[in-house]
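We name chains A, B, ... by the order of the sequence lines, and we start the count at 1 in each one.
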Protein chains: 2
Amino acid sequence: MIDSTTSTSSTTKTAVTCANCNLDNLCIPKGLPRSEVGELALLVNRNNIRQKGEAIYHAGSPFRGIIALRSGSAKLLSFDQNGNELVVDFILPGELLGFDGMSSQIHNCTAIALETVNYCHLPAYKIEILAINTPGLSQVLLQRSCNQFDAQVQKMMLSRRSAEERVACFILHISDRLSIRGYSELEFRLSMSREEIGNYLGIAHETVSRIIHLFQARKLIAVKSKQLKITDKKGLFSFYAT
Amino acid sequence: MIDSTTSTSSTTKTAVTCANCNLDNLCIPKGLPRSEVGELALLVNRNNIRQKGEAIYHAGSPFRGIIALRSGSAKLLSFDQNGNELVVDFILPGELLGFDGMSSQIHNCTAIALETVNYCHLPAYKIEILAINTPGLSQVLLQRSCNQFDAQVQKMMLSRRSAEERVACFILHISDRLSIRGYSELEFRLSMSREEIGNYLGIAHETVSRIIHLFQARKLIAVKSKQLKITDKKGLFSFYAT
DNA sequence: CGTTCATTTGACCAGCATCAATACGCGTGG
DNA sequence: CCACGCGTATTGATGCTGGTCAAATGAACG
């Protein structure tokens, strides 16, 4: 649940606002004029914390606004009628979250922290205020939400491909997203389990294991538990060029 | 391509505006106060026509705005790196189109008419004007675009299910969408080919044929070429309840 | 009335799910 | 510091779903 009363106040250390946040080129303010970033900063709740396994919001709960992950990662889940989890997406630092509740004002997905997360929260009612005072923000949010559309098309593409191609693409996609945010693109930690990867990609977790093993045998990657190192990016890439 | 110079002027018959259009509860104006609908009506290009097989816009072309289908249907395509078509969605009368270009200002999908279509067009630059004068519109567009997100989650669900379940769900989904728009929910024409259905559902067109045959044998549906009649809706429905 | 494309139907087999057993990693407590 | 236990990951064996190839039938259109 989004609940600012559980937030750690940011006044205990140097105040971080949107204008000086290290994510300011990735997060909501991207593309906003500097003056409007200032206005945005006044409306955002910062330093919300969730531990691994805790929910950021639940499916069925009312939409409370848009969330920007500052650190840590999360998974976005949906459930089928039998209660089976479906991993809709993984959310990495600097990425936005919450669009699944904007249409109906009720979330149809659940967001769970995969490790300790720290996030900012732009409350829903403030979005409406901003839409009037800060027309640029509406545009930015609209573009961001349509970004999700682009991402979904990519996912559909993947669902037509072989299990090997899906895993290769998954690894490269995570790598890309991390590198945009300043992390190493060749060596990182997969914060999600094999099961969650399989669920996300639509393949069995055993298949994920087998393919990761195969990629190691082919010297494309080196894996130690959740730590992953890409040793032959071109080799991995060649999977979806064919 | 969106090009209002090829439009048939609406002045030749009784002027249809957003306020008296029979789709006004489904299209962009849904949820807008009446006064704002009037403003919207002034900015929309009406009566754009495309014949079967013609493109409404192409992937790679600049985003020109949001489109609302007044009649006819269309398919939204993407292409993989080998040039294979991927049917991203089918668009039915009263539904909106064009969000795939909003994020980057370049369309990453191609929209093709499946039969003669008549559509309205809200130009991109007018969206920005409206965002200032008509704050409600931004909200509506934002909600609509996030609707797409919800729809994509449903599609991901489908991609985990068996071919039979996918076809059953596809038929029921089309039925629902048509009935919302006042068409018969039990008898309608599938304007797309088996190939396109298969492409959309991620299965081979032969499999689509086989399953449609199977459903007929089980008395769930009656099919004559592209004409389809649902004879046992509950039976079809039971597919994704299990 | 023939040409062309869409659809149907059949036969075969590959990819991946599923089931099962084992190994590994990690935290807990002795 | 090691032993135990539980969850995650790996690895193997088997079978089914649905893809692919091929041929036949049907529909649309000039």
Side-chain angles (χ1 to χ4, degrees), chain A residues 51-53 75 80 82 84-87 112 114-116 157-171 189-218 221-228 239-240 242, chain B residues 51-53 75 80 82 84-87 90 112 114-116 158-171 189-218 221-228 239-240 242:
Chain A
Q51 300 301 325
K52 176 176 179 174
K75 61 177 174 179
D80 66 19
N82 305 323
N84 301 316
E85 262 186 40
L86 174 78
V87 176
I112 306 270
L114 288 173
E115 54 202 329
T116 304
M157 293 281 192
L158 257 200
S159 74
R160 305 300 154 86
R161 312 187 73 95
S162 73
E164 285 185 16
E165 289 169 321
R166 294 186 205 194
V167 175
C169 189
F170 170 75
I171 293 170
R189 214 183 89 88
L190 293 174
S191 52
M192 65 296 286
S193 70
R194 300 286 187 269
E195 177 103 44
E196 287 162 337
I197 295 173
N199 188 323
Y200 174 69
L201 294 176
I203 57 184
H205 68 277
E206 294 96 326
T207 306
V208 176
S209 261
R210 273 184 258 268
I211 290 172
I212 285 180
H213 180 83
L214 182 74
F215 285 176
Q216 277 192 281
R218 293 192 197 158
I221 59 176
V223 180
K224 191 176 179 186
S225 174
K226 291 189 176 305
Q227 201 67 24
L228 190 147
F239 268 93
Y240 48 15
T242 42
Chain B
Q51 299 301 323
K52 176 176 178 173
K75 61 177 175 180
D80 66 19
N82 305 322
N84 301 314
E85 262 186 39
L86 174 78
V87 177
F90 295 111
I112 306 271
L114 288 172
E115 54 202 330
T116 304
L158 256 200
S159 74
R160 304 301 154 85
R161 311 188 73 95
S162 74
E164 285 185 17
E165 290 169 321
R166 294 185 204 194
V167 175
C169 188
F170 170 75
I171 294 170
R189 211 183 93 87
L190 293 173
S191 52
M192 64 296 286
S193 69
R194 302 284 188 268
E195 178 106 42
E196 287 162 337
I197 296 173
N199 187 324
Y200 174 70
L201 295 176
I203 57 185
H205 68 277
E206 295 96 325
T207 306
V208 176
S209 261
R210 273 185 258 270
I211 290 172
I212 285 180
H213 180 83
L214 182 74
F215 284 176
Q216 278 192 280
R218 292 192 198 161
I221 59 177
V223 180
K224 190 176 180 186
S225 174
K226 290 189 177 304
Q227 201 66 25
L228 189 146
F239 269 93
Y240 47 15
T242 42

* Asked: What residues form a side-chain contact (heavy atoms from CB on, under 4.5 Å) with A:Lys52, not counting sequence neighbours?
  -> none
* Side-chain donor or acceptor of B:Arg160 paired with backbone N/O of A:Asn199 under 3.5 Å -> yes
Write down the protein N/O and nucleotide N/O pairs, taken from nucleotides 16-20 of chain C, whose separation is under 3.5 Å; answer none if there are no such pairs.
{"from": "C:dC16", "atom 1": "OP1", "to": "A:Ala163", "atom 2": "N", "distance (Å)": "2.8"}
{"from": "C:dA17", "atom 1": "OP1", "to": "A:Ala204", "atom 2": "N", "distance (Å)": "3.3"}
{"from": "C:dA17", "atom 1": "OP2", "to": "A:Ala204", "atom 2": "N", "distance (Å)": "3.3"}
{"from": "C:dA17", "atom 1": "OP2", "to": "A:Thr207", "atom 2": "OG1", "distance (Å)": "2.5"}
{"from": "C:dT18", "atom 1": "O4", "to": "A:Arg210", "atom 2": "NH2", "distance (Å)": "3.0"}
{"from": "C:dC19", "atom 1": "N4", "to": "A:Glu206", "atom 2": "OE2", "distance (Å)": "3.0"}

* **Whole angstrom value for the distance that separates C1' of D:dT10 from NZ of A:Lys224** => 17 Å
Short heteroatom pairs, N/O only, protein and nucleotides 6-8 of chain D, under 3.5 Å:
none

* **Whole-Å distance separating the NE2 atom of B:His213 from the P atom of D:dT25** => 15 Å
* Salt bridge B:Glu115-B:Lys226, side-chain N to carboxylate O under 4.0 Å -> no
* Taking atom OG of B:Ser159 and atom CG of A:Leu86, what is their separation to the nearest 0.5 Å? -> 7.0 Å
* To do: May I ask you to test the A:Lys75-A:Tyr200 pair for a side-chain heavy-atom distance under 4.5 Å?
  => no
* Asked: Expressed in angstrom and rounded to an integer, what is the separation of B:Met192 atom CE from C:dA6 atom P?
  -> 15 Å
Show which side-chain atoms of residues 202-215 of chain B pair as donor or acceptor with protein atoms under 3.5 Å away, not counting sequence neighbours.
none

* **Helix axis bend for the helix from C:dC1-D:dG30 to C:dG30-D:dC1 - C1'-based end axes, five pairs, 10° rounding** => 40°
* Asked: Rounded to the Å, how far apart are A:Leu201 CG and C:dG15 P?
  -> 18 Å
* Structure fact -> note: B:Glu165, atom CD; D:dG18, atom C1'; distance rounded to Å ~ 14 Å
* To do: State the CD-CZ distance between A:Glu164 and A:Arg218, to the nearest 0.5 angstrom.
  => 5.0 Å
* **CD1-CD distance between A:Ile221 and A:Gln216, expressed to the nearest 0.5 angstrom** => 5.5 Å
* Got a donor-acceptor contact below 3.5 angstrom from the B:Gln227 side chain to the B:Lys224 backbone? -> no
* Does the side chain of A:Leu114 come within less than 4.5 Å of A:Glu196's, by heavy atoms? -> yes
* To do: Send over the distance from A:Phe215 CZ to D:dT10 C1', rounded to a whole Å.
  => 17 Å
* What is the distance, rounded to the nearest whole Å, between atom CG of B:Leu214 and atom C1' of C:dT8? -> 14 Å
* C:dA6 C1' sits how many Å from B:Leu114 CG, rounded? -> 15 Å
* Residues in side-chain contact (heavy atoms from CB on, under 4.5 Å) contact with B:Asp80, at least two apart in sequence or another chain -> A:Met157, A:Arg161, B:Asn82, B:Asn84
